[in-house]
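Report on the structure given below.
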Protein chains: 2
Amino acid sequence: MPHRHDLNPRVSVDNVILGFDDENLNVLLIGRSLADGKMDDVLALPGDLIYENENLDMAAQRVLHELTGLTNLFLQQAGAFGDPDRLSKPKDRAWLKTVRQEPEVRVITIAYFTLINMHEFAPQPASFAQSVQWVPIQDIGDLAFDHNQILKTCLSRLQETIAIKPVGFNLLPTKFTLGQLHKLYEAILEKPLDKRNFRRKIQKLGILTHLDEKQAGVPHKPSRFYKFNEIKYRELAETGFDNFGF
Amino acid sequence: MPHRHDLNPRVSVDNVILGFDDENLNVLLIGRSLADGKMDDVLALPGDLIYENENLDMAAQRVLHELTGLTNLFLQQAGAFGDPDRLSKPKDRAWLKTVRQEPEVRVITIAYFTLINMHEFAPQPASFAQSVQWVPIQDIGDLAFDHNQILKTCLSRLQETIAIKPVGFNLLPTKFTLGQLHKLYEAILEKPLDKRNFRRKIQKLGILTHLDEKQAGVPHKPSRFYKFNEIKYRELAETGFDNFGF
DNA sequence: CCAAAAGTGTTGAAGTTACACCCATGC
DNA sequence: GCATGGGTGTAACTTCAACACTTTTGG
């Protein structure tokens, strides 16, 4: 019988941690080191087996915390992935042998995604990660396991979500410009959005408060800074935009 | 090491199977019999542990098939549920002892929902179910495990989905009236919809073809029958309605 | 003739799209 | 003065919400 603080060998969580650098979406990926100390050349989403005494959300928060030092963030479940062969690529199996007690066991993973401000933390190696790096989304090649599929699903879910709720704000610094927000939406939705229409629409939501402060040191007309009206923001995040079809 | 056709003792699937009787949404629930042969008075969603050699979708299809005889249905994953105490209610534990080799093991479950035509099959007891019944959604009381929570999540997901894709058509017979479809949407969304606006909108989607046939034997003006334009239907189901906010 | 659901159009309000120019700043 | 992104309004169009009466049938 398993003890409560044991690892559950069959279930893991994987996190798609997204950051924004005013231009592109980036994903936080980890590198793996092999038995001989060399680095694997395949990157992976950060993830870990769950403990017997923690629920899935807690496990995802734990992984996020170990990697970023951040706690209590918005973290949305995107689905479960459990094809029997998801751990069967040779490089993945080699790596599993170095870190898992039972490397051959089939593992079902629950995928989460979150949005964080790229500049508010320094990624640090964690128990499950020898190296950590931000990778622009369009530069991501073959990932470990089924992580390309997981990433794709999470991005779709994010696109659906952002159309209904004011998500994505966690990606920005506390003071930000409408230009940044605009580029963020374009990056997430992967399509250009008309500037004037975007501004009108986003302001009508009533979740932005403008500050008196302006940008300084920019070689163009300085932009006004905005912050969120937290209260309205939370309200809207719960009810959604009512952007429904019926 | 587990054999490929063994059960995975830690991971299950649970299905929310929805049917429509022209009035209410119904959920297919199973009754459980205890060690002494008596029936438990708590109903449950149909579900089962997964096998080592099947993926999650296949496991959900298997549960659905064993119960309904139906194969290859639209089945959407709604999320993973894995609180450590989700199996800890006394009645649930008593039942688990009668059916599981390792009744104390923590099980993470993946929830799916599907929509089927209530009249096109006869529910039959399955290996995991001693009795099967349709229960109107508003009459559902306390369910086993965390099944009330799972049901709630699935219904929300269905509401979100139906606003974006033409789901829900599987719930109806192949020939149906706009009145039936209208009531179905009201049942799923739990709110009244204006008749004229609904008809206009649903017809503009271009997925309905009207037949020359009409209702007979009804004590009111007979309604025209419609069927789906499968091709358009599939197209729309993939792309969605473009009902998005940005 | 009564009950019951089918079927049908219009209007005003709101929202969406598309589009072009001037502004403030650093260099 | 030039390059850069900031900031703004309008008109045509589409969509949405609200609303009431006539039709066909069975009984």
Side-chain angles (χ1 to χ4, degrees), chain A residues 20-24 162-164 166 172-173 175-187 189 191-227 236 239-246, chain B residues 20-24 162-164 166 172-173 175-187 189 191-206 208-227 236 240-246:
Chain A
F20 185 61
D21 61 5
D22 285 2
E23 202 60 43
N24 298 305
I162 206 173
I164 291 177
L172 295 174
K175 290 187 293 190
F176 56 88
T177 69
L178 291 184
Q180 288 177 294
L181 194 55
H182 183 200
K183 285 207 209 106
L184 170 60
Y185 269 68
E186 291 188 325
L189 294 172
K191 68 180 183 191
L193 300 170
D194 180 84
K195 182 164 58 161
R196 280 176 285 195
N197 295 338
F198 175 80
R199 287 168 167 248
R200 213 191 340 265
K201 184 154 191 173
I202 205 84
Q203 297 201 73
K204 194 153 33 127
L205 297 178
I207 56 179
L208 299 181
T209 317
H210 63 78
L211 308 174
D212 291 332
E213 204 177 341
K214 287 185 177 176
Q215 280 181 316
V218 288
H220 56 74
K221 181 172 174 178
S223 175
R224 200 162 204 176
F225 280 119
Y226 287 79
K227 65 170 184 172
L236 204 55
T239 61
F241 291 163
D242 229 36
N243 233 334
F244 285 127
F246 288 95
Chain B
F20 184 60
D21 60 6
D22 285 0
E23 202 58 45
N24 297 304
I162 206 174
I164 291 177
L172 295 174
K175 289 187 291 189
F176 55 88
T177 69
L178 290 185
Q180 288 177 295
L181 194 56
H182 183 200
K183 286 206 209 107
L184 170 60
Y185 269 68
E186 292 188 325
L189 294 172
K191 67 180 183 192
L193 300 170
D194 181 84
K195 182 165 57 160
R196 279 175 285 195
N197 295 337
F198 174 80
R199 286 168 167 248
R200 212 188 344 263
K201 183 154 192 173
I202 204 86
Q203 296 201 73
K204 195 153 33 125
L205 297 178
L208 299 182
T209 315
H210 63 77
L211 307 173
D212 291 331
E213 205 178 342
K214 287 186 178 177
Q215 279 181 316
V218 288
H220 55 73
K221 182 172 175 179
S223 173
R224 198 162 205 175
F225 280 118
Y226 287 78
K227 65 169 183 172
L236 205 55
F241 292 162
D242 231 36
N243 233 335
F244 285 128
F246 289 95

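Every chain is numbered from 1, with letters handed out A, B, ... down the list of sequences.
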Ignoring backbone atoms, test whether [X] places a side-chain nitrogen or oxygen under 4.0 Å from the OP1 or OP2 oxygen of [N].
| X | N | answer |
| --- | --- | --- |
| A:S223 | D:dG7 | yes |
| A:R224 | D:dG6 | no |
| B:K201 | D:dT15 | no |

What heavy-atom pair brings [X] and [Y] nearest, and what distance separates the two atoms?
| X | Y | value |
| --- | --- | --- |
| A:S223 | A:T177 | OG-CB, 3.3 Å |
| B:L172 | B:F20 | CD2-CD2, 4.0 Å |
| B:L178 | B:F198 | O-CE2, 4.2 Å |

To the nearest angstrom, how far is [X] atom [atom1] from [N] atom [atom2]?
| X | N | atom1 | atom2 | answer |
| --- | --- | --- | --- | --- |
| B:F176 | C:dA6 | CZ | P | 14 Å |
| B:D22 | C:dA4 | CG | P | 17 Å |
| B:H210 | C:dA6 | NE2 | P | 17 Å |
| B:L193 | D:dC19 | CG | P | 15 Å |
| B:K214 | D:dT23 | NZ | C1' | 10 Å |
| A:F225 | D:dG5 | CZ | C1' | 14 Å |
| B:L181 | C:dG7 | CG | P | 12 Å |
| A:L178 | D:dG7 | CG | C1' | 10 Å |

- [ ] Would you mind telling me which residue lines up with the more 5' stretch of DNA chain D, B:K195 or B:K204, judged by nearest nucleotide?
- [x] B:K204
Closest to the [X] side chain, choosing from [options]:
| X | options | answer |
| --- | --- | --- |
| B:K221 | D:dT24, C:dG26, D:dG26 | D:dT24 |
| A:R200 | D:dG6, C:dA5, D:dT10 | D:dT10 |
| A:P219 | D:dT25, C:dG26, D:dG6 | C:dG26 |
| A:D194 | C:dC19, C:dA6, D:dC19 | C:dC19 |

Task: Donor-acceptor pair present, B:R196 side chain and D:dA17 base, under 3.5 Å - done: no
Open item on the list: So for B:N197 and D:dA17, does any side-chain atom that can act as donor or acceptor lie under 3.5 Å from a complementary atom in the base?
Closed with: yes
Open item on the list: Counting C-beta onward and ignoring hydrogens, is there a side-chain heavy-atom pair between A:Y185 and A:I202 closer than 4.5 Å?
Closed with: yes
Task: Intermediate values then yes/no, side-chain contact (heavy atoms from CB on, under 4.5 Å), B:Y226 and B:Q180 - done: CA-CA 10 Å; B:Y226 287 78; B:Q180 288 177 295; over 6 Å; no
